[in-house]
Each structure stands twice: as C-alpha cells, then as structure tokens.
Amino acid sequence: MREGREVLLQGAPALAEGVEECWMDFDGARMRYLRAGSGPPIILLHGLMGYSFSWRYAIPALAPLRTCYAPDMLGAGFSDRPNVDHSMRATALRLLQFATRLKLDSFDLLGTSRGGAVAMSAAAECVKRGKPHIRSLILVAPVNPYSEHGRWLAPFAGTSFGGAVVQAVMEWFPSLYPFWHGRMFGDRRKIPGDSLEGYKAPLAIPGLFEHALSIVSTWSADLRELEGLLPGLGALRTLLMWGTKDPAVHFSSMEPLARHFPDAKKVVFEGVGHLPYEECPEEFNRALIEFLG
C-alpha cells in the first residue's frame with residue numbers, strides 16, 4: 001500500500017484550506033482520496049460520474065466534528081481507471097479494504113446515488129462480518145430497487161448493442177454535459193458557479209465512460225442483490241435525505257426504501273433535485289450535522 005500526500009493533480013479543482021489530497025494503492029492502481037478534519041471518521045461516497053468534488057461544501061462543515069475521507073473510487077474522478085470488477089459488491093469490498101487500510105474500526109458512512117447503493121452493500125457486509133462497525137448510515141437519494149428510473153436504460157447500455165449506441169452518444173457527451181448536469185438540479189438558478197467545470201474536469205482522463213458502462217452492465221443484478229440485503233440493515237442508525245424534484249432516483253422510492261429502516265430519520269428538500277449537497281448546501285449540512293450530533 002502506498003498512502004500519502006502528493007501535489008494536486010493538474011486540472012483537479014482547488015481544495016479548501018485544511019483538505020489534503022492523498023493516495024492509496026490497489027494492486028498497482030492508484031486511488032485518490034481527500035482527508036480533512038478531526039474526530040470520529042466519516043466516509044463520503046460519490047455517485048456515478050461524480051467524485052470527491054461532490055463534497056466540497058460538506059467537508060468544511062463536517063471537519064470540526066469528523067475526520068472526513070472522500071475517495072474518488074477506482075475508475076472515477078482523478079483515480080486510475082483499471083480494468084477491474086466495478087459491480088456494487090466489488091466496489092463495496094474495495095471500500096471496506098480502504099477503511100481497513102486506514103485502520104478504521106468504526107465510522108459513519110454517507111453515500112449518494114450509486115454511492116448510496118454501494119454504502120448499503122458495504123454496511124450489509126459489515127453486519128455480516130461484525131466489523132468494522134457502522135456508526136450510522138446516511139443515504140442521499142440512493143440508487144435502490146424501488147425507483148423505476150434507469151431500470152431499462154441501464155441494462156440496455158450494458159448490452160453489446162446498447163453499449164455501442166451509448167458509446168456513440170458519449171462522443172458528443174462533452175457538448176451535451178451541460179444539459180445533463182443541469183437536469184440534476186430542481187432549480188437551475190441554484191447551480192453553483194464551479195459545478196459544471198468541476199464535474200467536467202475528470203473527462204480529460206481516458207476511460208471514464210468505459211468505467212460508467214462497466215457499472216451499468218451489472219445494474220440489474222446489483223439491484224436484485226441489494227433488494228436481498230435490505231432486510232438485514234434495519235437495526236442501523238440511518239438518515240434518508242431526498243429532494244422532491246430528483247430526476248435521477250425518484251423521490252417516490254423513498255418510502256418503499258424506508259420500510260427497511262423503521263427508525264430512520266427522513267429529511268426532505270422541497271423543490272430540490274438530485275444534488276442537495278450542492279443545490280442547498282447550508283440546509284443539507286445543517287440537517288446532516290444535527291443527525292450526527
């Protein structure tokens with residue numbers, strides 16, 4: 001394992017004061033992660049086509065209370081793009097390996113979108129093993145079996161023909177990116193000024209779209225597996241956070257998912273889209289910190 005602070009990668013967005021850029025080696029592939037703060041640890045998981053940049057408003061707010069670790073999971077952000085298994089379970093196991101190498105015996109775990117599905121898979125593995133201990137599970141519009149969105153598109157994109165179609169579309173993706181990015185917000189007037197360029201920055205590193213295609217190729221199987229894991233997670237202290245205008249993971253799936261977490265706290269952001277940590281960061285951070293105590 002190689003871990004340490006290095007010079008910020010060319011093209012990567014600037015980091016807030018007190019945030020360190022670190023690296024960890026996974027069989028020759030470098031995984032980038034950000035570290036900041038002090039106190040009990042919390043791991044922050046980004047979604048599909050996202051990376052640690054997603055947490056640029058959350059980390060400074062959390063740093064006085066928690067030691068924050070925000071990885072760019074392999075294949076995403078500014079991490080290497082190795083040809084490895086990117087299924088939900090494989091990604092969850094790499095996450096736990098990441099935690100083990102950091103010597104984290106217990107931690108809070110926050111995941112958004114596809115990162116929320118990975119967080120639930122990792123939590124189920126921790127429950128099964130008995131370690132490490134998940135202090136609390138925070139799910140921000142997590143991919144789940146009860147949202148109809150993506151059920152046909154993801155499996156289609158995972159086929160040879162569908163992948164070819166998507167690949168052709170991806171050739172135009174840089175010009176289409178502002179449209180897709182804007183759709184993630186309930187109110188486009190609240191898109192932060194640095195958001196679009198920040199998410200576009202990793203596009204300069206080859207392999208990002210192939211990474212996304214490898215994820216969607218196992219999408220249906222991952223959802224079936226996740227549905228089987230959910231009944232074992234009910235005892236975890238859980239926070240569910242959702243925007244009512246989420247176009248990616250439908251808000252209507254919150255209640256069916258919540259049935260597996262009978263004591264979960266729910267926070268709903270009216271009129272907000274898929275990225276509440278960007279669209280209403282102060283409200284998001286306030287609710288998160290209140291939950292963490």
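- Ion pairing between K245 and D187 fails under the 4.0 Å rule for side-chain N and carboxylate O.
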Next on the checklist: Between D194 and R56, is the salt bridge (Lys or Arg N to Asp or Glu O under 4.0 Å) condition met? List the steps.
Outcome noted: CA-CA 10 Å; D194 63 345; R56 65 196 182 281; 3.0 Å; yes

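- Between Y69 and F98, the ring-plane angle classifies as perpendicular under the 30° and 60° cut-offs.
- Legend: residues meeting side-chain contact (heavy atoms from CB on, under 4.5 Å) with K265, ordered by chain and number and at least two apart, are L239, V267, E290, F291.
- S195 and H181 form a side-chain donor-acceptor contact under 3.5 Å, judged by distance and modelled atom types alone.
- With 3.5 Å as the limit, one finds a donor-acceptor pair spanning the side chains of S113 and H274.
- Scanning for side chain to side chain donor-acceptor pair (under 3.5 Å) contacts around R129 gives E125, with sequence neighbours left out.
- Y199 and E278 are linked by a side-chain donor-acceptor pair at a separation below 3.5 angstrom, with hydrogens and angles left out of the test.
- A cation-pi geometry, defined here as NZ or CZ lying under 6.0 Å from the six-membered ring centre and within 45° of its normal, does not hold between R188 and F185.
- You'll find the side chain of W23 stays beyond 4.5 Å of the side chain of M31, heavy atoms only.
- Summarising the geometry of A36 relative to G18, their closest heavy-atom pair is CB-O, 3.6 Å, with the distance given to 0.1 Å.
- Side chains of S52 and R32: a donor-acceptor N/O pair is present below 3.5 angstrom, by distance only.
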